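Here's a structure for you.
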Amino acid sequence: MEIEIDGKVAQVPDGSTIMDAAQQLGAYIPHFCYHKKLSIAANCRMCLVQVEKAPKPLPACATPVTNGMKVFTHSELAVTAQKGVMEFLLINHPLDCPICDQGGECQLQDLAVGYGGSASRFQEGKRVVFHKDVGPLISMQEMARCIHCTRCVRFGQEIAGVMELGMANRNMHAEIMTFVGRSIDSELSGNMIDLCPVGALTSKPFRYSARSWELSRRKSVSPHDSIGANLALQIKNNVVMRVLPRENEEVNECWISDKERFSYEALNSPARLTRPMIRVDGALREVEWNVALDYVAHALKDIAASHGGESLAALASPHATLEELYLLQKLIRGLGSGSVDFRPRRRDFSADGKLGGTPWLGLRLAEIKDLDAALVIGSFLRKDHPLFAQRLRQLGKKWGKVSLLSVSADDPLIKLHTQLTVSPADLPAALAKIVKAAAQLKSEAVPEGLESVAPCASSQAIASSLIEGEKGAIFLGNVAEQHPQAAQLHALANELSRLTGASCGFIGEAANSVGGYIAKALPTALNAHQMFAQPRQAYLLHGVEPELDCHDPQQALAALKQAALVVMLTPFADGAAAEYADVLLPIAPFTETSGTFVNCEGRVQSFNGVVRPLGDARPGWKVLRVLGTLLAVPGFDYDSSEQVRDEIVPAGKDFVDGLSTQVSAVPCVSWSLTSTPGGLQRVAEVPIYSADPLARRAAALQKTRDALAPSARMCVETLQALAVSDGASVRVRQGSGEAVLMAKADATVPAGCVRVAAAHVSTAALGEMFGAINVERA
Amino acid sequence: MAILGAINPMLSLDLDGDNAWRLTDYVKRGGYSALRRILEEKQTQEFVINEVKKSVLRGRGGAGFPTGLKWSFMPRSFPGDKYVVCNSDEGEPGTFKDRDILRYNPHSVIEGMAIAAYAMGAARGYNYIHGEVWEIYERFEEALDEARAAGFLGRNLLASGFDFDLFAHHGYGAYICGEETALLESIEGKKGQPRFKPPFPASFGLYGKPTTINNTETFASIPYIINLGGETYLEAGKANNGGTKLFSISGHVNRPGNYEIPLGTPFATLLEMAGGMRGGRQLKACIPGGSSSPVVPAAAMMECTMDYDSISKAGSMLGSGAVIVMDETTCMVKALERLSFFYYEESCGQCTPCREGTNWLYRVVHRIETGRGRADDLDLLSSVTTNIMGRTICALGDAASMPVQSFIKHFHDEFAYHIEHKKCLVPVDVQRAGSGFFTATV
């Protein structure tokens with residue numbers, strides 16, 4: 001199709017709109033309701049343009065291009081129409097930009113300069129719209145500013161998958177609101193603030209704390225989930241004031257999750273550790289850096305000398321940077337220990353050493369939209385990976401058959417092909433059924449050990465969706481990684497991948513879940529579980545909070561409490577560290593250090609520090625470098641984090657090499673699939689705003705519905721079997737630890753299971769995430 | 001008595017008696033013979049559409065679009081679901097014909113829709129009935145039950161192999177739901193807001209499927225067209241304006257009500273049928289086609305014949321055939337104020353010019369009416385209407401603007417007097433005398 005806009009000719013594909021063509025040509029057409037990621041509403045009428053032979057001006061966003069069309073965006077007809085619309089938009093809009101939070105970054109303000117009159121012909125009183133309280137993240141305090149573009153409504157319907165905002169009433173009394181009394185709880189809700197072209201929806205934590213022109217903008221990368229969303233951090237006076245998405249179509253498109261948007265509040269929270277601390281006479285005291293580092297170096301050297309190198313262990317957070325993970329493993333190996341790991345929530349490590357490469361997503365994120373079928377195994381999809389779920393949601397809306405096999409029937413807000421929900425213990429068996437169904441459908445030999453498995457209708461439906469589709473993908477979620485038979489699930493998924501031709505991969509728990517493998521932060525002796533099961537003399541903890549981050553916090557705490565030395569490199573001083581840490585070294589969070597995250601698709605994303613470290617905090621890689629030098633470990637003479645990175649990933653590489661989710665020599669079935677443990681099983685999710693140290697300390701996020709204190713959720717049958725009523729207080733017990741929680745009826749939890757969230761102080765005394773659990777009336 | 005008067009009636013013929021609406025009476029009047037003939041003779045779809053084309057039946061809902069042409073836009077060979085939808089959401093102020101058709105002759109609509117469905121290959125239909133006429137909705141449901149029981153609806157109609165199911169759906173009284181795409185949204189269970197076109201309903205209609213939407217009276221005329229033949233039907237009216245039409249006369253006449261007359265009948269004849277002007281007063285102006293059509297002053301109106309072309313020549317529209325008659329006691333500012341309030345109130349609020357503009361119009365007219373008008377208000381009104389017209393998603397913006405423009409154009413002096421003297425050109429006691437709510441002696 002050929003189209004001419006203001007004399008410039010463009011070739012556009014069939015079905016394009018005038019707006020598409022204009023963007024291709026770089027011609028700007030004013031607009032408010034149009035957004036490239038949302039459906040076309042054509043309701044603001046700002047993009048009216050003149051089209052040759054059309055008697056009336058037409059909206060560029062909604063008018064399809066016809067061959068030979070001639071469009072004039074600046075003709076008298078077009079400009080008169082645009083100015084007319086602008087006048088209408090402004091008559092009821094408060095003209096008090098100087099006191100509006102959006103002032104300076106407002107599309108209406110910007111366009112009013114070009115299309116608005118200098119004085120208003122509207123002399124009547126303006127519309128008054130009552131404010132609404134919709135939760136701790138979005139402010140709807142000034143809804144009189146709303147211009148009814150419905151971007152927020154469409155975002156909810158189309159991107160977040162849940163229509164939390166709608167337009168009520170009609171005529172000029174139409175207003176955007178939630179269903180009476182409801183709040184906005186979507187994990188992607190903050191994007192509505194970006195989408196709002198005026199000051200109607202604003203960020204509650206940021207509101208009136210800075211003006212947009214006072215802020216400088218710095219690039220960064222999300223340290224939270226494994227997607228590696230690209231961020232733009234806005235800085236004022238050396239403080240991160242706001243986080244916005246930085247558009248990257250291949251990674252986060254133009255969205256970020258609320259966790260990424262609002263976690264910045266933790267960066268300057270009172271919980272920050274700003275000075276090194278050492279335990280002296282039972283209490284932690286502030287000391288100078290040189291004192292602290294000397295102390296650590298000597299203590300480590302002494303313990304290594306007296307108890308052997310293997311008495312040391314190092315555990316890092318998968319949210320740590322690539323450089324930190326690399327230097328940590330280099331340091332601990334230099335001291336003669338192979339006990340280093342970065343996967344604290346993992347329980348089953350039997351695939352270690354049998355991997356064909358670095359486990360990854362199995363395909364690029366941008367390829368998800370072209371899939372015909374996808375199976376997600378073991379995931380609290382929406383809360384674990386909001387943006388990944390969003391991509392699957394778009395896929396489900398088109399032709400993709402998205403299936404979910406998990407341990408809870410939470411609504412992923414995705415149009416699902418099949419949803420299978422089983423107890424954690426039955427997860428491998430359920431996957432085995434799908435594998436067998438696939439083998440039968442392909443008329444291939446049934447893998448060894450699966451002879452007695454009988455596929456159900458749902459597993460056949462999933463298998464056939466993967467076989468029929470030209471491009472399929474199998475994704476192992478966080479539950480599948482944290483599961484006590486993780487290697488089993490991995491092997492079964494691999495087998496399913498081989499049978500169906502679908503790709504297979506891990507979504508990955510954290511920003512560096514792939515990076516940790518690249519950095520070799522992997523055990524050659526004790527892994528993250530063993531290092532606590534077989535208590536060590538000294539622990540080096542980097543960015544982890546074991547009571548919240550470990551698969552079995554009970555066991556971890558016991559081991560830490562008996563250790564002679566616990567050194568924590570952490571940005572935060574609160575929490576349980578005071579109980580077990582001997583040395584606290586303040587390291588910088590991602591905004592104050594340079595570093596690299598390798599996301600789930602193997603994308604290498606380096607970033608710089610955007611503000612000076614708070615107090616005496618120092619970038620983690622520098623602290624480790626100094627320790628390495630003090631301990632005379634060879635190869636620690638780095639000048640920059642880039643030098644460290646280049647040693648791990650060759651310079652200039654966008655993606656790491658050696659990605660493979662193959663696992664060999666793990667049999668599909670290593671134990672009886674049919675046996676189910678007696679008693680109740682725990683189902684533990686990691687709540688979205690408890691998943692990492694930053695989110696845990698973000699004040700606004702902690703006030704959301706997603707951050708409510710954990711309860712013991714069970715289906716009605718389980719409640720009845722325990723003779724416990726909904727809302728009653730129960731004592732849940734694992735090993736020697738217990739917690740008193742409220743019992744809640746929840747039909748999404750499989751029978752025989754109790755859903756008790758991990759990663760929360762109220763449940764930190766409990767044991768394994770998917771282990772046996774006792775529940776009794778409190 | 002359903003229809004107060006008629007000349008050569010079709011739709012309103014023999015509608016006396018309490019049971020005229022029932023199936024038995026309808027069949028006695030020759031009802032369902034058109035559908036029976038088409039199905040039994042296995043007429044082609046093209047035949048039916050051609051007959052409708054020949055009849056030059058023009059849409060009776062307001063826009064006057066040729067029905068046969070509209071039907072031919074439907075992708076008849078499209079393999080999936082297709083729908084026919086009847087628009088009985090009669091919300092235009094002054095219009096009250098469709099409810100009488102549904103009240104006294106509902107089976108003509110059912111038969112017409114079945115024929116339309118046959119012609120366009122649709123297997124399902126909906127009749128969207130205005131929410132404020134509940135008893136009409138109930139009666140239509142009863143008529144549907146009768147038709148289903150008699151085999152005129154359902155599977156395998158009259159053993160022809162053709163399936164057609166028809167459902168009644170009632171709205172909640174929003175004017176905008178009479179706009180065809182808002183109506184579709186409402187049937188789908190969404191908020192009644194017009195869709196942007198293109199795509200038109202013929203390609204993307206109800207539930208995204210090809211859909212044809214016609215007015216109640218349009219569908220009701222179909223059986224008569226098939227029975228009489230397209231040409232005979234056309235001759236009943238005048239060239240390019242086939243058939244008879246129901247006119248709803250309201251306002252300052254002695255016998256307000258529905259009248260069926262051939263298109264092309266002089267306005268004077270219609271006025272006479274309605275008993276002439278109330279109290280023998282002079283005609284001042286007339287809104288010939290429902291509140292959204294431009295007002296026509298008395299002299300021009302008396303020259304008109306009641307058909308699409310003649311009214312259009314007089315600068316207005318035949319619209320839905322709602323004739324609002326105003327005599328010399330009418331204050332045109334007050335009349336416009338009421339109309340503008342209606343459009344402001346009924347704007348769906350979706351698109352900017354209409355949402356903001358209709359309110360602005362009302363507030364300015366209200367200001368003038370209440371003696372607070374300003375010298376430049378008439379220019380302002382004219383400018384605001386220009387900014388609304390042709391820039392909205394649906395026609396409501398135009399419908400709100402046209403009365404304002406025409407009232408000011410034809411009765412400029414009256415508006416100017418209002419602004420200048422802060423009072424009405426027509427004295428208040430005269431207005432009251434004419435209103436009918438007060439006795440002549442105030």
Side-chain angles (χ1 to χ4, degrees), chain A residues 15 17 32-33 39-49 54-59 61-64 66 77-78 80-93 108 120-127 146-150 153 157 163 166-176, chain B residues 172-177 182 190-199 203 340-364 366-367 372-374 376-377 379-381 383-398 400:
Chain A
T17 61
F32 295 107
C33 71
S39 63
I40 302 293
N43 61 30
C44 77
R45 317 305 283 179
M46 193 63 210
C47 67
L48 290 172
V49 293
K56 301 187 282 189
L58 298 174
C61 68
T63 307
T66 52
L77 181 77
T80 316
Q82 291 158 2
K83 286 187 170 172
V85 171
M86 176 54 78
E87 181 179 35
F88 285 133
L89 284 170
L90 291 178
I91 62 171
N92 274 308
H93 186 91
L108 185 64
S120 177
R121 296 193 290 169
F122 183 76
Q123 306 291 318
E124 270 65 29
K126 293 196 184 224
R127 169 175 54 220
C146 174
I147 57 167
H148 308 87
C149 69
T150 69
V153 177
Q157 289 173 309
M163 185 178 169
M167 193 162 85
N169 305 332
R170 64 184 183 209
N171 60 52
M172 69 172 275
H173 298 300
E175 54 182 311
I176 299 292
Chain B
Y172 278 92
Y175 174 62
I176 195 61
C177 288
K190 301 174 190 162
K191 190 177 180 189
Q193 286 185 335
R195 299 174 182 169
F196 180 77
K197 292 159 289 228
S203 56
S340 295
F341 181 78
F342 174 82
Y343 287 106
Y344 144 58
E345 180 69 16
E346 295 293 344
S347 165
C348 80
Q350 183 182 200
C351 68
T352 307
C354 175
R355 177 183 65 238
E356 307 291 346
T358 52
N359 175 253
W360 197 357
L361 289 179
Y362 164 67
R363 283 162 86 166
V364 175
H366 177 69
R367 186 162 81 196
R372 292 175 292 123
R374 298 172 196 157
D376 53 359
D377 271 355
D379 293 337
L380 178 64
L381 283 175
S383 155
V384 172
T385 52
T386 322
N387 281 345
I388 298 174
M389 285 184 80
R391 295 176 191 171
T392 50
I393 290 179
C394 77
L396 194 142
D398 290 17

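Just so we're on the same page: letters track the sequence lines, and every chain starts at 1. From a predicted model like this one, the values you see are computed outputs, not experimental measurements.
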Between Asn171(A) and Tyr344(B), what is the shortest heavy-atom contact and its length?
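Smallest interatomic distance, heavy atoms only, reads CB-O, 3.0 Å.
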Practice task
Please look at Pro64(A) and chain B and tell me whether the side chain, the backbone, both or neither of the residue comes under 4.5 angstrom of a heavy atom of that chain.
Solution key: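 The side chain, not the backbone.
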Side chain, backbone, both or neither: which part of Arg374(B) has an atom under 4.5 Å from a heavy atom of chain A?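 Side chain only.
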*Determine yes or no for a side-chain-to-main-chain donor-acceptor pair under 3.5 angstrom, with Arg45(A) supplying the side chain and Arg391(B) the backbone.*
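Yes.
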### Separation of Arg355(B) CZ from Leu89(A) CG (nearest 0.5 Å)
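The distance works out to 7.0 Å.
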Can you tell me how far the CE atom of Met167(A) sits from the CD atom of Gln350(B), to the nearest 0.5 Å?
->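 Here the interatomic distance stands at 6.5 Å.
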Next on the checklist: Could you measure the distance from the CG atom of Leu380(B) to the CZ atom of Arg121(A)? Nearest 0.5 Å is fine.
Outcome noted: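 That separation rounds to 5.0 Å.
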Separation between OG1 of Thr63(A) and CZ of Phe196(B), rounded to the nearest 0.5 Å
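The OG1 atom of Thr63(A) sits 4.0 Å away from the CZ atom of Phe196(B).
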Check each atom of Glu345(B) against the heavy atoms of chain A and say whether the ones under 4.5 Å are side chain, backbone, both or neither.
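Interface part for Glu345(B): both.
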Handout entry: Thr150(A) portion near chain B, given a 4.5 angstrom heavy-atom threshold
Key =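 For Thr150(A), there is no contact with chain B at all, as no heavy atom is under 4.5 Å.
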| task | Could you tell me which portion of Thr386(B) (side chain, backbone, both or neither) has an atom closer than 4.5 angstrom to a non-hydrogen atom of chain A? | result |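 No part of it gets close to chain A.
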### Query
Checking heavy atoms, do the side chain of Ile176(B), its backbone, both or neither come under 4.5 Å from chain A?
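Answer is neither: Ile176(B) stays 4.5 Å or more from chain A.
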Partner chain B: residue of His148(A), His173(A), Lys83(A), Arg127(A) with the largest heavy-atom pair count (under 4.5 Å) =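 It is His148(A).
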Practice prompt. Would you name the heavy atoms of Ser347(B) and Arg170(A) that are closest together and state the gap between them?
Written response: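 In terms of heavy atoms, the two residues are closest at O-CB, 3.5 Å.
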Minimum heavy-atom separation for Pro353(B) to Val85(A), with atom names?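 Looking at all heavy atoms of both residues, the shortest contact is CG-CG2, 4.3 Å.
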Greatest number of heavy atom pairs closer than 4.5 Å to chain B - which of Cys44(A), Pro57(A), Ala174(A), Ala81(A):
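The answer is Ala81(A).
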### Message
Need one label for Ala168(A): side chain, backbone, both or neither, based on atoms under 4.5 Å from any heavy atom in chain B.
### Response
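Interface part for Ala168(A): backbone (N, CA, C, O).
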*Interatomic spacing from CD in Glu87(A) to CH2 in Trp360(B) - rounded to 0.5 Å*: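 It comes to 3.5 Å.
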Rounded at 0.5 Å granularity, tell me how far OG1 in Thr352(B) sits from CG in Asn92(A).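 Result: 11.0 Å between the selected atoms.
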**Report entry** Greatest number of heavy atom pairs closer than 4.5 Å to chain B - which of Lys56(A), Gln123(A), Met46(A), Glu124(A)
**Finding:**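 Highest number of pairs under 4.5 Å: Glu124(A).
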